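Shown next, in structure tokens, is the structure this report addresses.
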Amino acid sequence: MVSGNSTTARGYRAGPSVWWTLPALAFFVVFALVPLVGVGVLSLMKWDGLSAPRWTGLRNWTHILSDPVTGKAAVLSVKIIVLSWLVQTPLSLLLGIFTAGRQRYRNVLAVLYFVPLLFSSAAVAIAFKAILDPNFGISRAVGWSFLSRDWLGDPQLVLATVVFVIAWQFVPFHTLLYQAGVRQIPAVLYEAATIDGAGPLQQFRWITLPQLRYTVVTSSTLMVVGSLTYFDVVFVLTGGGPGYSTRLLPLDMYLTGFTANDMGGASVLAAILVVTGLLLALGFTRLSGFNRMQSQQEGI
Amino acid sequence: MLDLETPLSTSVRKAPAPPRPARSRPHRTNVPGAIGGFAWLLVVMVPVYFIVVTTFRGQAGFFAGNPFALPTAPTLANYAEVIQHDFVRYVLNSVIVTTGAVVVTLAVSLIAAYAVVRGRGRGIRFVFSVFLLGLAIPLHATIIPLYYLITRLRLYDSLLGLILPSVAFAIPVTVLILSNFLRDIPQELFESMRMDGASEWQTLIRLALPLVRPALVTVAIYDGLNAWNGFLFPLILTQSEERRVLPLSLWAFQGEFTVAIPGMLAAVVLSTLPMVVLYVLGRRYLVSGLTAGFGR
């Protein structure tokens, strides 16, 4: 079909032309797609961030891939992704089902659950730093010994702490997704199940869970791809420490690039992140079926 | 994955919503559910309570008493100190960046979404699939080339240099939500505009714009939250105090105040307050919009 002439003299037309998408496309191409390609290019260059980049071939790659810090960061990233998923998904699912109920008190709770989403990551991190401070925070408020620990200073605890803080910040969003999903389950299914004598647990197992499978896929995709590039909270909360114990891949990328001034090496890490993210997203897409996935992603 | 032959399914939304489904559940009191629900409320609210209550504590009170007790001598000194610390400038910078990013994003995305829904032809479908691709890519991994690009464009350490990439990163989601809503406008309305001899522009302005206003509010809040709270772009693309935005100022305060936690938390509260107001005003739209945006 002709996409050029959008109107004729009598107002009959073939719809708006492709040029209408141009402003949005230009922004997206220049400030998102070009940098995306740039990741690959810069990973082959030596660049300190100030002078002009110089070609260096695969040297950055061999250097970064043989660096033990990279391996450690990758393992940590996998741990964070898996733990975050394991903590956030059941919580969000249950809270979503809970808030989908029409009772008044549940609506009020749903409003309050949303509050963490209003804080910036920097604010969340700073607040939790204060709360978890072994001298002035929750440790001193209550005498319980299991709460008075150095949550951010102990390499054994810090990962769990980070997982908790991330969950605090993001469970509200996923709760919202599950709430929406539950509310779209046809009530007829529950009525039929009740008539058949199914109890609440059976209804959950045989109606709610299967009906929510696409929500699970959507939410998991966002969660996994999101925690892959998770940066702000960890950066402010721990800065990667103590030692290397929370230096996740994105943080490793930032520190390599902007602190150690090795932009080429950082681009290698960025390329790894981009490819992993794409593969994960594609994998989840496959789980849900292509067309389904697209409809899931509307409105993220 | 970008097979657009099948239009994005909006079937779930188009199915007539059963008016107040007579579900049997509301009548049953779910005790474990309620306990769990209130337990999570505690997890959400205890940190918020701590933040707020600490801001009213004097420096001495902070080091002495129980950090969760109500302050014995409440004071506003922390807020006063934060405001004297150039806070107004950071707020202004954040307002400029957020407003700029949201207005530009909404404008270009609405036009693009209109073309995606109303237009025909390969070109438009290809563009749409490019935006879909944008959702699958962890775009924040592109900050290093972005930094290079912004410095080359001589936009480093400028508010414009923050607005432009923020717009680019918000466009895919925004176009998707808006096109989803535009698709729900009955075909007959477009037909009658056409009969009246209205051009596409006139149809967009007079028909589509008023009808998608709820969706515009939804994405405005969503994009606005992201722009207001964004940390990575300001961290990498700005440097001077004159261009500092709120989230970055919180981080910078951290260095300056070190132990003055009440002051820090007062800054946290002040920086979050505008979002609380926005949420209270727009909650209805935000929740229903996001709800409508996600199929099952």
Side-chain angles (χ1 to χ4, degrees), chain A residues 1 3 6-7 11 14-16 18 20-21 23-25 27-28 31-32 35-36 38-39 42 98 102-103 109 118-123 126-127 130-131 136 141 177 180-181 184 187 190 194 214 225 228-229 232 236 257 263 266-267 270 273-274 277 281 285 290-291 294-295 297-300, chain B residues 1 3 6 8-9 12 21 23-24 26 33 37 41 47 50-51 66-68 108-109 111-112 115 118-121 123-124 127 135-136 138-142 144-146 164-165 167-168 171 173 176-177 180 197 199-200 229 231 247 250-251 261 264 268 272 275-276 279 291 293-296:
Chain A
M1 219 174 235
S3 53
S6 60
T7 53
V18 69
W20 285 44
T21 60
L25 188 66
F27 269 105
F28 187 66
F31 292 102
L36 192 69
V39 167
L42 279 177
F98 178 69
R102 304 276 171 183
Q103 294 91 325
L109 289 186
L118 303 175
F119 289 88
S120 68
S121 295
I126 283 166
I131 293 167
F136 307 115
L177 296 189
Q184 279 166 344
Y190 290 103
T194 311
Y214 292 121
V225 177
L228 184 69
T229 49
D232 348 30
V236 180
M263 294 291 187
S267 297
L273 284 175
V274 168
T285 310
F290 291 164
N291 301 326
Q294 286 172 20
S295 73
Q297 292 208 339
E298 294 170 9
I300 291 169
Chain B
M1 81 179 275
D3 164 29
T6 340
L8 292 182
S9 107
V12 179
R23 207 177 287 174
S24 53
L41 184 68
F50 173 81
I51 295 168
N66 182 327
F68 280 83
V108 298
S109 301
I111 301 171
R118 297 292 302 157
R120 303 275 172 276
I124 288 177
V127 172
L135 292 174
L139 290 170
H140 282 287
T142 62
I144 291 161
L146 195 62
L164 295 177
V167 171
I171 280 174
V173 166
L176 281 175
I177 298 184
N180 191 21
S199 72
E200 289 292 347
N229 288 336
F231 180 76
L250 295 178
W251 180 63
I261 293 173
M264 293 272 335
V268 165
T272 312
M275 294 301 107
V276 174
Y279 176 53
T291 304
F294 282 93
R296 190 146 36 81

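Throughout, protein chains are lettered first and strands after them, A, B, ... in sequence-line order, and every chain is numbered starting at 1. Remember, predicted model here, so these are calculated numbers, not experimental data.
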In terms of heavy-atom proximity below 4.5 Å to chain B, should A:F98 be classed as side chain, backbone, both, or neither?
side chain

Side chains of B:R118 and A:W20: closer than 4.5 Å at any heavy-atom pair?
no

Against chain B, work out which of A:A24, A:A270, A:A123 has the most heavy-atom pairs shorter than 4.5 Å and name it.
A:A24

Between B:L250 and A:S120 the two heavy atoms that sit nearest each other are CD1-OG, 4.0 Å

Check whether A:L42 gets within reach of chain B through its side chain, its backbone, both or neither, counting any heavy atom under 4.5 Å.
side chain

Is B:L164 close to chain A through its backbone or its side chain, or both, or neither, when contacts mean heavy atoms under 4.5 Å?
both

Of the listed residues (B:P247, B:S109, B:A168, B:P165), which shares the most heavy-atom pairs with chain A below a 4.5 Å separation?
B:A168

Which atoms of B:V276 come close to chain A, meaning under 4.5 Å heavy atom to heavy atom: side chain ones, backbone ones, both, or neither?
both

Measuring from A:F119:CZ to B:T272:OG1, what's the distance to the nearest 0.5 Å?
5.0 Å

Testing the basics here: between A:G277 and A:V225, what is the closest heavy-atom pair and its distance to 0.1 Å?
O-CG2, 4.1 Å

Region of B:I171 that comes under 4.5 Å of a non-hydrogen atom in chain A
side chain

Step by step, work out the side chain to side chain contact (heavy atoms under 4.5 Å, CB included) result for A:V39 and B:I144.
CA-CA 7 Å; A:V39 167; B:I144 291 161; over 6 Å; no

Distance (rounded to the nearest 0.5 Å) between A:L25 CG and B:I124 CD1:
11.5 Å

